[in-house]
Amino acid sequence: MEKLVVKEGCIGCGICIGENPDYFEFGDNGLSKVVKEEVNPEDKERLLNSVEQCPMEVIVIEEEKIA
């Protein structure tokens, strides 16, 4: 399973929220936060677009590690 992460360094531009409001929202600090971590395969292409458009390159899709 893949999960969505916003790493430190977000500037709150909102591109990710505009494209994927089911996955991102603004936190109390005005920065983007993930509200739905698990990546649905049918949404991956749209999420990859947000990854590529993030000006700070802080959005990543990573493989969840299973213990």
### Task
Please indicate whether E62 has more than 12 foreign heavy atoms, meaning atoms of other residues, nucleotides or ligands, lying under 6.0 Å from its CD.
yes

Could you go through residues 21-39 and list every donor-acceptor pair under 3.5 Å that involves a side-chain atom there, pairing it with any protein atom two or more places apart or in another chain?
unit_1 : atom_1 : unit_2 : atom_2 : d
Y23    : OH     : N40    : N      : 3.3
Y23    : OH     : D43    : OD2    : 2.6
N29    : OD1    : L31    : N      : 3.0

Using distance only, find each side-chain donor-acceptor pair of residues 3-20 under 3.5 Å and give its atom names and separation, not counting sequence neighbours.
unit_1 : atom_1 : unit_2 : atom_2 : d
E19    : OE1    : N49    : ND2    : 3.2
E19    : OE1    : S50    : OG     : 3.0
E19    : OE2    : N49    : ND2    : 3.0
E19    : OE2    : Q53    : NE2    : 3.4
N20    : OD1    : R46    : NH1    : 2.6
N20    : ND2    : S50    : OG     : 2.6

#### Entry: Shortest non-hydrogen contact from I59 toward V51
O-CG1, 3.5 Å

### Task
Only counting residues at least two apart or in another chain, list the ones meeting salt bridge (charged side-chain N to carboxylate O under 4.0 Å, His left out) with K44.
E2

